[in-house]
Amino acid sequence: MIQYHRLEANEINRALFNNFIRRQRVTKCWRQEQGQWVIKDDPFIDDWSEEDYQTLIACLQNTAAAGGFVCGAFYDGVLKGFASVEAGLFGGENRYLDLSSIHVSEDMRGHGLGKALFGAAKEWAKAHGGAKLYISAHSAVESQAFYKAMGCVEAQWYHAGHVQAEPYDCQLECQL
């Protein structure tokens, strides 16, 4: 049985991710070319290094400590998914809150964890004054299919920092 609970900064450490499998085999990605979205072959394996885990842990701890939302999905007491939403509103009248991460362990994808985590993130964001979630999302076809199923569309306003940090991400929003 999957259990979901909000994580506090002091619960977020390297051991929490010991059985989390980030690995994602990507074959096709969405790319914007001449103002049109097209699917391109771009095969690679997306995975996290130890340095990536340390950065992730620091970011999630900061999100939780700053009053944001970090939620974990646990199967038999082991972390198998998580989502985070930053605390600060941005984007003017769009009233965005940033869905800074949502990941499901490779061995648990397709079991509804992502949908439940996304729903929890939307609920939290709405309760904290957001009108829309903002997502700088992985461009893999499978990732984009998930976001589309969650009701996401291309963002009306692009966050320059996200675009600069991840130029191949798709900038999305989801009405709350």
Side-chain angles (χ1 to χ4, degrees), residues 12 14 17 20-66 68-71 81-106 109-110 113-115 117-118 120-122 124-125 128 130-176:
I12 303 167
R14 184 60 180 96
F17 295 91
F20 189 89
I21 306 165
R22 166 61 184 104
R23 185 179 172 86
Q24 181 179 0
R25 184 179 304 277
V26 177
T27 57
K28 296 184 181 293
C29 292
W30 285 97
R31 295 288 186 255
Q32 198 167 39
E33 291 185 354
Q34 299 173 0
Q36 300 286 339
W37 285 101
V38 296
I39 296 174
K40 299 292 239 178
D41 289 327
D42 190 11
F44 64 96
I45 303 292
D46 200 353
D47 210 344
W48 290 331
S49 67
E50 188 56 38
E51 184 180 331
D52 293 332
Y53 274 106
Q54 294 306 319
T55 299
L56 171 70
I57 290 161
C59 289
L60 292 175
Q61 288 172 336
N62 183 62
T63 299
F69 177 73
V70 181
C71 182
F82 62 95
S84 61
V85 181
E86 302 305 314
L89 287 167
F90 66 94
E93 64 193 36
N94 288 301
R95 290 194 3 252
Y96 288 124
L97 281 171
D98 190 4
L99 179 74
S100 49
S101 64
I102 183 165
H103 295 281
V104 174
S105 184
E106 182 182 43
R109 293 181 191 141
L113 279 73
K115 183 178 182 178
L117 288 165
F118 195 86
K122 282 178 67 175
W124 184 90
H128 287 80
K132 301 175 184 178
L133 277 180
Y134 186 94
I135 308 107
S136 183
H138 198 295
S139 61
V141 168
E142 299 83 0
S143 298
Q144 289 301 305
F146 167 78
Y147 289 114
K148 185 175 182 180
M150 296 298 102
C152 297
V153 296
E154 186 173 357
Q156 292 178 4
W157 177 86
Y158 277 26
H159 186 289
H162 283 307
V163 174
Q164 186 175 14
E166 294 289 347
Y168 292 114
D169 273 8
C170 298
Q171 305 304 310
L172 306 173
E173 67 182 34
C174 184
Q175 189 77 36
L176 300 178

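Side-chain atoms are counted along with the backbone in the values below, which use heavy atoms only and exclude waters and symmetry mates. Numbering of residues begins at 1 and proceeds along the displayed sequence.
Counting heavy atoms from C-beta outward, Leu97 and Leu89 have side chains that approach closer than 4.5 Å.
Applying the salt bridge (charged side-chain N to carboxylate O under 4.0 Å, His left out) test to every pair with at least one member in residues 81-106, sequence neighbours left out, gives no pairs at all. Among residue pairs with one or both ends in residues 158-174, those qualifying as salt bridge (charged side-chain N to carboxylate O under 4.0 Å, His left out) are Lys132-Glu173; sequence neighbours excluded.
In this view, Gln54 and Glu50 satisfy the side-chain hydrogen bond (donor to acceptor under 3.5 Å, both in side chains) rule, not counting sequence neighbours. Applying the salt bridge (Lys or Arg N to Asp or Glu O under 4.0 Å) criterion to Arg109, with sequence neighbours excluded, gives no partner residue. For Ala64, the side-chain contact (heavy atoms from CB on, under 4.5 Å) test picks out Ala9, Ile12, Val70, with sequence neighbours left out. Scored by the side-chain hydrogen bond (donor to acceptor under 3.5 Å, both in side chains) test, Trp124 finds His128 as partners (sequence neighbours excluded). Take Asp46 and apply the side-chain contact (heavy atoms from CB on, under 4.5 Å) test, not counting sequence neighbours, and it matches Arg22, Gln24, Phe44, His138. Phe90 pairs by the ring pair (Phe, Tyr, Trp, His ring centres under 6.0 Å) definition with Tyr96, Tyr134, Trp157, His159, not counting sequence neighbours. Contacts of Phe82 classified as ring pair (Phe, Tyr, Trp, His ring centres under 6.0 Å), with partners at least two apart in sequence or in another chain: Phe17, Phe20, His103. Every residue two or more places apart in sequence or in another chain was checked for a salt bridge (Lys or Arg N to Asp or Glu O under 4.0 Å) with Asp52, and none qualifies. Considering only residues two or more places apart in sequence or on other chains, Gln61 meets the side-chain hydrogen bond (donor to acceptor under 3.5 Å, both in side chains) condition with none of them.
Within a 6.0 Å sphere centred on CZ of Arg25, heavy atoms belonging to other residues, nucleotides or ligands number 12 at most.
Taking all atoms of both residues into account, the shortest heavy-atom contact from Ser100 to Val85 is OG-N, 4.2 Å. Closest approach of Ala137 and Leu172 over heavy atoms only: CB-CD1, 3.7 Å. For the residue pair Cys170 and Trp30, the shortest heavy atom distance occurs at SG-CB, 4.1 Å. Heavy atoms only, all atoms of each residue included: Leu176 and Ala125 are closest at CD1-CB, 3.6 Å. When every heavy atom of Leu117 is checked against every heavy atom of Cys71, the shortest pair comes out as CD2-O, 3.8 Å. When all heavy atoms of Ala87 and Gly68 are compared, the pair lying nearest together is CB-N, 3.8 Å.
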| Should Val26 and Asp42 be marked as a side chain to side chain contact (heavy atoms under 4.5 Å, CB included) after you check the CA-CA gap, both sets of side-chain angles, and the distance that decides it? | CA-CA 7 Å; Val26 177; Asp42 190 11; 5.6 Å; no
| field | Worked check of side chain to side chain contact (heavy atoms under 4.5 Å, CB included) between Trp48 and Thr55 | value | CA-CA 10 Å; Trp48 290 331; Thr55 299; over 6 Å; no
| message | side chain to side chain contact (heavy atoms under 4.5 Å, CB included), that's the test. Do Phe118 and Lys122 meet it? Break it down for me. | response | CA-CA 6 Å; Phe118 195 86; Lys122 282 178 67 175; 3.4 Å; yes
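Between the OG atom of Ser101 and the CG atom of Leu56 there is a distance of 6.5 Å, given to the nearest 0.5 Å. From Ser143, atom OG reaches atom NZ of Lys148 across 15.0 Å, with rounding to the nearest 0.5 Å. The CG atom of Asn62 sits 10.5 Å away from atom OG of Ser84, with the distance rounded to the nearest 0.5 Å. Atom CE of Met150 and atom CG of Leu133 lie 12.0 Å apart (nearest 0.5 Å). Going from atom SG of Cys152 over to atom CD of Gln175 covers 11.0 Å, rounded to the nearest 0.5 Å.
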Please list every donor-acceptor pair under 3.5 Å in which a side-chain atom of residues 34-41 meets a protein atom from a residue at least two apart or in another chain.
| residue | atom | partner | partner atom | Å |
| --- | --- | --- | --- | --- |
| Trp37 | NE1 | Glu154 | OE1 | 3.2 |
| Lys40 | NZ | Glu33 | OE2 | 3.4 |
| Asp41 | OD1 | Lys28 | NZ | 2.5 |

